[in-house]
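Heavy atoms only: backbone and side chains are in, while hydrogens, waters and symmetry mates are out. Order of the sequence lines sets the chain letters (A, B, ...), proteins ahead of strands, with each chain counted from 1.
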Number of protein chains: 2
Amino acid sequence: MAVAGQRVSIFDVAKRASVGVGTVSRVLNGREGVSAATRKRVLAAIDALGYHPSRLASGLSRGRSDAVAVVVPFITSPSVVVRLEGILEVLDNVGLNTVLYSVGNRQQRDRHLGVLGDRHEAAGVIVVSIRLSRQHVERFSAVGTPLVLVDTRVAGVPSIEVDNREGGRMAASHLLGLGHRSFGFIGDIDRKHLGFSSSSERLEGFSARIAEAGIDPSRIAVRSGIHSAGEAAVLAASILELVEPPTAIFAASDTQASGVLSYLKSKGLTAPGDLALIGFDGLEVSALLGITTVAQPLFESGVRGAQLLLQLLAGEVPDPGELVLPLRLLPRSTTVSGASIEPVSRSP
Amino acid sequence: MAVAGQRVSIFDVAKRASVGVGTVSRVLNGREGVSAATRKRVLAAIDALGYHPSRLASGLSRGRSDAVAVVVPFITSPSVVVRLEGILEVLDNVGLNTVLYSVGNRQQRDRHLGVLGDRHEAAGVIVVSIRLSRQHVERFSAVGTPLVLVDTRVAGVPSIEVDNREGGRMAASHLLGLGHRSFGFIGDIDRKHLGFSSSSERLEGFSARIAEAGIDPSRIAVRSGIHSAGEAAVLAASILELVEPPTAIFAASDTQASGVLSYLKSKGLTAPGDLALIGFDGLEVSALLGITTVAQPLFESGVRGAQLLLQLLAGEVPDPGELVLPLRLLPRSTTVSGASIEPVSRSP
DNA sequence: TTGTACGCGTTATCAA
DNA sequence: TTGATAACGCGTACAA
């Protein structure tokens, strides 16, 4: 038992086990060249003293922190949280600490990213959903700090992504297949200039597919605002008040789609009768409300991203360094009128 | 500019400014006893070299990390995320790193909490929504590591809470005032044994108020399950299939209330016509779906918790060490039939 | 196989 | 007002 008072150091362990600190260190780090007998003695001493090494001291000695920095855009979006969960699960399993950096604007982004290349700050860095400039990336490669990108991409940097354009195409195909010929789109505006591009990429794919169907994509009623359900409701209103409102709306996220649905409800309208609606992400809320959506593997993106970083940390060169995860279209009751509103599955 | 290659240390700065490292350290930490002239020279050198101190080294020297550990239950619940945002905002502002510990079961909890008292691990700790034992707390007080509790409480430890019983009473009063006389309750079951107690406390208050109205509280149809909308939908079904189903349901959280609402919708039922429904938390989803709720200041709880920790870190003794934040009942369309489904406000 | 001593980058103490 | 130097706790060459 660690008695209150003085911190127990590697020296105390060494003394108790009648060995040198070097030996204790060797045991601690699973290095060979220690006889079974001494190893056992050392382990016993460690246990008896309740000793655990100081992250600070070992980090300083090794020349690098053992924490992983995870940089996320101001956590307001559920999708980011799910990715983060995935990251945490993997890192926690291998005993790495996760330091969370939430950035709400460019200044914060640059301030944090500018210093995170330092190995004393973090052993490695995972950036989620934030666009990085070449300069940012070069800082990292210059000092050799492993960097992984999740839901964003820079050529040459290991990353986990989905094909947002393809997702847009999938949404369009689904709606076209149902006979729709006029469309609205509700997306994000990147007010904080953090370089979010998924929304516009999804629109690109959506437009391209519409055009292929012989429809003028410039006729899509496009509205953008901050990423929130409330804002999306307002944008939906603006689209539906058009003289010739579209029959279908593609929202760039489930959060926004849920806002559209709430607007419809408030006006006594229904989907897909009055308006077909499709979202993006595959969040629980979409299942709950029966919103058709293009689902992406959010949790998995976090897991994969963290695993990628682990490889980098181990000095390996990840084979498919830039990974593209698959999307799935989940048809539900906001587009397919027959579809029963599923009695939400028990497992979350 | 920090040239790629060697790390620039306090020694480099000292050399460039023609002073001793002691002086640089003094400037760095804003200590007095440095002439304006030398301070200026040092600052210039720091700037020219792009120097910033090593957290590892200063931590080791000072004997404690400058990171704050935040322990949260497996981040699946939106309420926890909002609290976390509040915490991050405050800590980031003062330059403290936030190390996130997500615990999904007792083993994880004990493993993390057991080591977090060490000042080399964290300068201070904030525990969110997880019940701590006396032993846990004593470990912290023994070594003097500041500890703050958010949404949980232990006598003598600084904490931020709401009065869950009072919240339950508020919900009951609201429903009683609307003429309801039969009730259902949907709450959490703490399957992972992390000591969540809000749900049962809310039920206690709810029951007490019901009893005061002359109704036998044992007649409340109580159902509990894991915290998820889907599970809540299943529980709602079980309640509504009773031979004499209640006319109102109190869900222990908005997430669960949204599950109940989705179940109603899937059955073609409406609120409050077929069933009055009230939730808890005041999450955006409740506004979106028009669910009446008992709102608690989630973001603020994080902010206050972090501020409390800052005081502790500064050696101050927070005056009301155990803070109870106010609750507000927000009547919406799942209980008050007249209430229009609000066209969700623009600001989130 | 094991012990010793130095270095990691800061802070803090003590002289100057 | 300053500079030199001893910790802080650990990893690791190097010596034994």
Side-chain angles (χ1 to χ4, degrees), chain A residues 2 5-43 45-46 49-67 95 115 118-123 143, chain B residues 2 5-43 45-46 49-67 95 115 118-123 143:
Chain A
Q6 280 314 297
R7 130 177 296 281
V8 13
S9 83
I10 197 174
F11 194 79
D12 302 314
V13 176
K15 206 162 45 181
R16 191 176 222 276
S18 315
V19 299
V21 292
T23 303
V24 179
S25 179
R26 262 159 270 178
V27 171
L28 242 32
N29 298 293
R31 252 176 271 290
E32 25 203 301
V34 181
S35 74
T38 25
R39 155 164 282 118
K40 196 168 175 179
R41 250 197 359 268
V42 171
L43 254 19
I46 287 177
L49 265 36
Y51 166 81
H52 71 115
S54 158
R55 285 194 137 92
L56 254 24
S58 74
L60 179 59
S61 180
R62 269 192 248 264
R64 60 190 183 82
S65 160
D66 68 343
V115 91
D118 184 347
R119 323 271 295 213
H120 277 215
E121 294 285 328
V143 290
Chain B
Q6 281 312 300
R7 128 177 298 279
V8 13
S9 82
I10 197 173
F11 195 78
D12 302 312
V13 176
K15 205 161 47 179
R16 191 177 221 277
S18 315
V19 298
V21 292
T23 302
V24 178
S25 179
R26 263 159 280 190
V27 171
L28 243 32
N29 298 293
R31 253 178 271 289
E32 26 203 301
V34 181
S35 75
T38 28
R39 155 164 282 120
K40 198 170 176 179
R41 250 195 2 266
V42 171
L43 254 19
I46 288 178
L49 266 35
Y51 165 82
H52 70 116
S54 158
R55 286 195 136 92
L56 253 25
S58 77
L60 178 58
S61 180
R62 270 193 250 263
R64 62 191 182 80
S65 160
D66 67 343
V115 91
D118 185 344
R119 321 272 296 212
H120 277 215
E121 293 286 327
V143 288

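The two atoms that bring A/S54 and A/R7 nearest to each other are CB-NH1, 3.8 Å, heavy atoms only. For the residue pair B/R64 and B/A123, the shortest heavy atom distance occurs at NH1-CB, 3.4 Å. Pairing each heavy atom of A/I10 with each of A/S25, the nearest pair is CD1-N, 3.8 Å. Pairing each heavy atom of A/L56 with each of B/S65, the nearest pair is CD2-N, 3.6 Å.
Within the structure, every side-chain polar atom (N or O) of B/S25 is placed at least 4.0 Å from both OP1 and OP2 of C/dT10.
With a 4.5 Å cut-off on side-chain heavy atoms, A/Y51 and A/L28 count as touching. With a 4.5 Å cut-off on side-chain heavy atoms, B/T23 and B/R26 count as touching.
Here D/dG9 presents its P atom at 14 Å from CD of B/E121, a figure rounded to the nearest Å. At whole-Å resolution of the value, CZ in A/R55 and C1' in C/dC8 are 18 Å apart. Rounded to an integer number of Å, the gap from CZ of B/R64 to C1' of C/dT11 is 12 Å. D/dG3 atom P lies 12 Å from atom CD1 of B/I10, rounded to whole Å. In this entry the distance linking NE2 of A/H120 with P of D/dC10 reads 16 Å, nearest Å. Atom CG in B/L56 sits roughly 11 Å away from atom C1' in C/dT10 (whole-Å rounding).
At a non-hydrogen distance threshold of 4.0 Å, B/N29, B/R31 from residues 26-41 of chain B come into contact with DNA chain C. If you check residues 12-21 of chain A against DNA chain D, you find no residue with a heavy atom closer than 4.0 Å.
The listed nucleotides are D/dC10, D/dC8, C/dT2; the one nearest the side chain of B/L60 is D/dC8. Taking every side-chain heavy atom of A/S54 into account, D/dC10 is the closest of C/dG9, D/dT2, D/dC10.
No side-chain donor-acceptor contact under 3.5 Å links A/R16 to the backbone of A/D12. A distance-only check finds a donor-acceptor pair linking the side chain of A/R41 to the backbone of A/A17 [under 3.5 Å]. Using modelled atom types, one side-chain atom of A/D118 and one backbone atom of A/H120 make a donor-acceptor pair closer than 3.5 Å.
For B/S61 against C/dT10, a side-chain-to-base donor-acceptor contact under 3.5 Å is present.
If B/G22 and A/R62 are placed on DNA chain D by their nearest nucleotide, the residue sitting closer to the 5' end is B/G22.
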